[in-house]
Amino acid sequence: MRVLVTGGAGYIGSHTCVELINANFEVIVIDNLYNSSKVALDRVEKITGKKIEFYQIDLLCESDLEELFKKRKIESVIHFAGYKSVSESVENPLMYYTNNLSGTLVLLKVMNKFNVKKLVFSSSATVYTPAMGALDEEADLKATNPYGQTKLIIEQILRDLYISDNTWNISILRYFNPIGAHKSGEIGEDPDGIPNNLLPYITQVAVGKLEELKIYGNDYPTKDGTGVRDFIHVVDVARGHIKAIEYIDSSSGVSIFNLGTGRGYSVMELVSVFEEETKAKINYRVVDRRPGDTAICYSNPSKAEVELNWRAMKSIEEMCEDAWRWQLKNPNGYKVRKSEIWES
Ligand code: WQD
């Protein structure tokens with residue numbers, strides 16, 4: 001089956017391309033490379049030994065996308081392309097609504113025109129109302145930032161689309177906290193500038209790029225006062241997409257699945273596991289809470305286990321080991337030094 005992967009040069013997109021190729025899918029990638037690097041796709045080719053068909057296309061350019069659908073028969077789509085920084089979305093909501101919503105609307109319009117109606121959509125646990133217990137797919141929804149709002153709005157668009165035309169087969173995957181990297185160390189998380197997220201910040205402290213980790217609050221109602229999250233290996237998340245693509249091939253309607261481990265780890269626990277696994281020392285300082293953070297966020301992943309026959313298999317130790325290997329092999333991520341400037 002030929003699958004179009006939008007945003008396939010990104011962190012989760014590139015790991016999903018590896019798993020798709022390993023599962024003998026034919027992959028076409030489009031990406032505007034705004035917050036990703038073509039080097040990631042070169043690395044996917046190195047890992048899989050297969051050539052990647054790539055087009056640098058921005059989803060906001062409908063004519064470019066139509067050209068591709070005219071030229072290549074696409075059977076299903078995995079839609080990752082979108083901006084994903086919570087803090088950036090608060091600073092620049094219009095950029096997020098334009099890119100994430102308009103990009104998705106153009107994609108759906110072109111898919112509809114060419115009668116391509118199988119879609120897996122990359123959503124996020126950020127759509128859930130913060131809660132102290134395990135979150136299942138029926139939990140209350142409430143976005144607390146523009147990024148999360150774009151995910152919620154797109155989920156509603158997809159439901160309305162199905163109601164208007166029940167020949168669509170759609171699966172919405174809500175990720176908890178993807179971390180780690182492919183075990184080869186060839187692909188991984190390559191944040192632009194100072195990392196927002198916890199583990200890439202930790203690995204940059206460990207490798208000496210950053211001075212110390214700031215822990216945002218230790219006065220939460222949790223075991224050690226620091227935030228608790230459902231960290232899940234990015235390869236497990238990628239493998240969830242293979243199951244979802246197969247699922248929508250033999251089902252119709254809009255299905256929603258949590259991709260999480262069902263287990264929460266605190267910030268301090270992750271730091272301790274990382275130090276234990278890598279023997280690296282992480283200097284840290286507890287500072288004020290980060291605005292918008294919740295105390296606890298972890299999943300009940302049983303629906304995906306039963307209906308997708310998928311479960312997260314990799315341990316928190318493996319997540320730390322694999323993230324560390326990626327950081328050590330790629331101290332500057334995908335940026336390569338050409339003459340005096342770093343380019344990616
Ligand atoms: C995790 C914990 C922080 C950094 C975000 C998005 C979510 C998803 C994953 C896209 C929290 C603490 C963090 C640091 C810290 N992305 N922390 N010091 O906020 O749970 O989720 O990324 O879909 O949508 O919201 O992830 O890694 O930023 O934070 O103490 O330097 O680590 O307070 O408790 P988060 P995170």
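Whatever order the structure lists them in is the order used to number ligands and atoms, beginning at 1.
Remark: minimum distance from atom 32 (O) of ligand 1 to any protein heavy atom is reached at Val267 CG2, 3.5 Å. In terms of protein heavy-atom proximity, atom 33 (O) of ligand 1 is nearest to Asp293 OD2, 2.6 Å. Closest protein heavy atom to atom 15 (C) of ligand 1: Tyr216 CD1, 3.4 Å.
Inspection of the Ser266 and Thr222 side chains reveals no N or O donor paired with an N or O acceptor under 3.5 Å. There is a side-chain donor-acceptor pair under 3.5 Å between Asp322 and His233. Looking only at atom types and distance, the side chain of Ser252 has no donor-acceptor partner in the side chain of Asn169 under 3.5 Å away. There is no side-chain donor-acceptor pair under 3.5 Å between His79 and Ser122. In this model, no donor atom of one side chain and acceptor atom of the other lie less than 3.5 Å apart for Thr226 and Asn218. In summary, the side chains of Arg174 and Tyr128 do present a donor paired with an acceptor at a separation below 3.5 Å, with no hydrogens or angles considered.
Those atoms of ligand 1 with a heavy atom of Asn196 less than 4.0 angstrom away are 4 (C), 28 (O). Listed by atom number, the atoms of ligand 1 under 4.0 Å from Ile215 heavy atoms are 30 (O). Atoms of ligand 1 lying under 4.0 Å from at least one heavy atom of Ser124, given by number and element, are 23 (O), 24 (O). Counting the atoms of ligand 1 from 1 in the order shown, those under 4.0 Å from a heavy atom of Gly227 are 34 (O). Residue Val86 approaches ligand 1 through these ligand atoms, each under 4.0 Å from one of its heavy atoms: 6 (C), 25 (O).
With a heavy-atom cut-off of 4.0 Å, Asn177 touches ligand 1 through its side chain alone. Only side-chain heavy atoms of Leu213 come within less than 4.0 Å of ligand 1; its backbone N, CA, C and O stay farther off.
In terms of polar-atom proximity, Lys214 is counted as a contact of ligand 1, with an N or O under 3.5 Å from an N or O of the ligand. Ligand 1 has an N or O atom lying under 3.5 Å from an N or O atom of Leu198, backbone or side chain. Any N or O atom pair closer than 3.5 Å counts here, and Lys84 shares no such pair with ligand 1. Considering backbone and side-chain atoms alike, Tyr201 places every N or O at 3.5 Å or more from each N or O of ligand 1.
A distance of 6.0 Å or more separates the ring centres of Tyr265 and Phe231. In this structure, Phe121 has its ring center at least 6.0 angstrom away from the ring center of Trp168. Between Tyr175 and His241, the distance separating the two ring centers is shorter than 6.0 angstrom. Here Tyr247 and Phe257 bring their ring centres to under 6.0 angstrom of each other.
Using a non-hydrogen distance threshold of 4.0 Å, Tyr147 registers as a contact of ligand 1.
Comparing Thr126, Thr222, Ile296, Asn197 by heavy-atom distance to atom 22 (O) of ligand 1, the nearest is Asn197. Comparing Arg229, Gln204, Met268, Arg290 against atom 19 (O) of ligand 1, the shortest heavy-atom distance belongs to Arg290.
For the atom pair CG of Leu198 and CZ of Phe274, the computed distance is 10.5 Å after rounding to the nearest 0.5 Å.
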